Protein chains: 2
Amino acid sequence: MRQKSNSAEVPLPPWEVRRKTEVPQRAPLTAERIVDAALAVVDTEGSGAVTMRRIAGDLGVVASSLYAHVRNREELLLLVLERVMKEVGVPEVTGQWDADLKAHYTKMQRVLSAHGDIALYNFAAFPPTAIGVAITERLLSVLLNVGVPPKIAAWALHRLTLYTTADVYEGWRLANKDLADWIDPVRDYFASLPADRFPSIVGNVDVMLDTDSDGRFELGLDMLISGLATFVTD
Amino acid sequence: MRQKSNSAEVPLPPWEVRRKTEVPQRAPLTAERIVDAALAVVDTEGSGAVTMRRIAGDLGVVASSLYAHVRNREELLLLVLERVMKEVGVPEVTGQWDADLKAHYTKMQRVLSAHGDIALYNFAAFPPTAIGVAITERLLSVLLNVGVPPKIAAWALHRLTLYTTADVYEGWRLANKDLADWIDPVRDYFASLPADRFPSIVGNVDVMLDTDSDGRFELGLDMLISGLATFVTD
DNA sequence: TTCTATCGTAGAACAGTGTTCGTTTACAGG
DNA sequence: CCTGTAAACGAACACTGTTCTACGATAGAA
């Protein structure tokens with residue numbers, strides 16, 4: 001796979017071997033290839049599994065070599081996040097401000113959810129990235145166009161991003177928990193509570209343990225967006 | 001401080017020294033004292049500074065001793081979170097459902113913010129704690145009393161908790177960032193963007209970089225609560 | 001009082017972690 | 001063929017959470 005030509009199939013004659021190490025024909029190490037490798041690990045095992053030695057090993061290289069292309073682990077994860085946000089992309093707008101917002105944040109939720117717990121690095125993502133700026137410009141113009149005051153508009157977008165990020169991160173943590181082992185004991189515990197002191201819980205055990213995570217996300221998104229409607233004048 | 005009486009000031013006569021080790025009169029190690037020590041570290045340096053050796057050292061003990069009282073580091077941090085949530089407390093209700101919700105989540109935001117980044121451990125906090133159950137029962141009854149459907153009510157509380165948790169965690173990360181070093185460069189960058197392609201940002205640089213974090217939290221909270229009003233029938 | 005069982009603490013050890021450093025290597029240009 | 005440069009290497013440092021064994025003190029029984 002890493003060999004350059006098919007001539008590598010036949011063993012090299014000794015006089016052709018210039019140095020003692022293996023043929024260095026492998027693809028050059030770049031920040032992009034490092035991000036590729038890190039993203040693959042994040043997707044399957046989460047950001048906690050992204051160690052410098054692990055990523056380096058996946059690239060057939062040693063950990064310290066990564067530091068020539070990436071400042072440190074933190075920056076590497078931020079580069080992975082940026083890659084994912086590019087996959088989210090800049091939203092198309094239709095003129096329906098609420099539908100546009102809902103579509104974008106729903107897509108963001110779906111895309112982020114497909115990449116492990118990388119959402120964790122979207123908390124307090126500052127300074128902003130190029131893709132973040134482009135997205136913000138697009139959505140900000142939508143809200144300003146329908147008469148939302150600038151400060152409210154800017155803050156509201158931040159709130160929606162924060163909410164979406166949190167939902168994805170929590171979803172990942174729940175998914176990577178032995179949740180199945182806990183849900184029945186918790187159901188029993190809820191049901192066993194004294195009904196006179198905990199009537200609301202005892203009477204609604206099933207809805208409390210409902211696992212429809214998409215429905216939960218949508219409810220919060222709808223709450224935020226319809227709360228924003230107060231400020232829309234046009 | 002750790003001595004039992006003031007007689008410890010004068011050196012013990014040799015015949016009073018029963019065993020070769022130091023006087024074992026120190027307070028016994030308990031889970032509560034371990035949580036005390038961990039909470040103090042979380043408050044001042046964040047959960048990342050909570051290492052088993054560090055906490056043990058603060059208690060005049062060795063790391064492995066902690067494991068007799070606490071299962072592992074994760075559980076210790078969850079105990080710290082539980083302590084903090086007890087400080088938040090079960091809300092008093094007045095009958096004004098929206099004011100009650102706002103008061104509780106505002107208090108939760110204030111209390112959590114006073115304890116470093118412990119909010120991080122409130123993501124996917126499951127199974128629920130005793131204090132969490134008590135809070136949920138109280139707020140759930142408030143929403144059910146004004147006619148919110150059970151599923152909406154239960155989910156909405158979860159959404160509000162998630163939002164509040166996320167706000168606090170992001171706030172901590174922002175506070176522990178060399179934000180002052182970045183805010184001016186970002187302002188310049190925003191202002192330098194081509195005004196024809198980024199009119200919304202260029203025209204609102206100041207509100208985008210507004211640092212009124214309380215106002216931001218309140219806006220999102222109001223959006224969520226007023227979005228919930230749709231479901232209130234009584 | 002003496003023996004013994006129990007339990008919490010100590011200390012070493014293991015397998016990791018991010019990051020830095022000086023050295024070696026490989027390739028390109030002269 | 002030689003040399004300069006840039007990058008990869010590999011060892012090292014100071015940590016991390018956790019486990020295991022052994023020690024020691026305390027409490028109860030004889």
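Within every chain, numbering begins at 1; the chains are lettered A, B, ... in the order of the sequence lines, protein sequences first and strands thereafter. What you see is a predicted model; the values in this text were computed from it and never measured.
Looking at A/Gln109 and A/His104, their side chains never bring a donor and an acceptor atom within 3.5 Å of each other.
When side chains are defined from C-beta on, B/Leu160 counts as touching B/Leu221, because their heavy atoms get closer than 4.5 Å.
One finds the CZ atom of B/Phe123 at 7.5 Å from the OH atom of B/Tyr169 (value rounded to the nearest 0.5 Å).
As a whole-Å value, the separation of A/Met52 CE from C/dT17 P is 12 Å. In this structure, A/Leu66 atom CG and D/dG10 atom C1' are separated by 14 Å, rounded to whole Å. Between A/Arg54 atom CZ and C/dA15 atom C1' the separation is 16 Å, expressed in whole Å. Atom C1' of nucleotide D/dA7 and atom CG of A/Leu59 are separated by 15 Å, given to the nearest angstrom.
Judged by distance alone with a 3.5 Å cut-off, no donor-acceptor contact links the side chain of A/Arg53 to the base of C/dG16. No hydrogens or angles were tested; on distance alone, a donor-acceptor pair under 3.5 Å links the side chain of B/Ser64 to the base of C/dA10.
Against DNA chain D, the stretch residues 67-76 of chain B makes heavy-atom approaches under 4.0 Å through B/Tyr67, B/Asn72, B/Arg73.
A pairwise comparison of heavy atoms in A/Ala63 and A/Arg53 identifies CB-CG, 3.7 Å as the closest pair. Closest approach of A/Val168 and A/Ala119 over heavy atoms only: CG1-CB, 3.8 Å.
No side-chain donor-acceptor contact under 3.5 Å links B/Arg173 to the backbone of A/Ala124. For A/Tyr163 (side chain) and B/Ala166 (main-chain N/O), no donor-acceptor pair under 3.5 Å exists by modelled atom type. Not a single donor-acceptor pair under 3.5 Å links the side chain of A/Asp117 to the backbone N or O of A/Leu120.
When the nearest nucleotides of DNA chain D are assigned to A/Leu29 and B/Val50 by heavy-atom distance, the more 5′-ward of the two goes with A/Leu29.
Nearest to the side-chain atoms of A/Val61 among the listed nucleotides C/dT9, D/dC9, C/dG18 stands D/dC9.
From one end of the helix from C/dT1-D/dA30 to C/dG30-D/dC1 to the other, with five pairs defining each end axis, the axis direction shifts by 20° (rounded to 10°).
Within 6.0 Å of atom CD in B/Glu32, 12 or fewer heavy atoms from other residues, nucleotides or ligands are found, so the atom counts as exposed in its surroundings.
The phosphate of D/dC9 (OP1 or OP2) has a side-chain N or O of A/Ser65 nearer than 4.0 angstrom.
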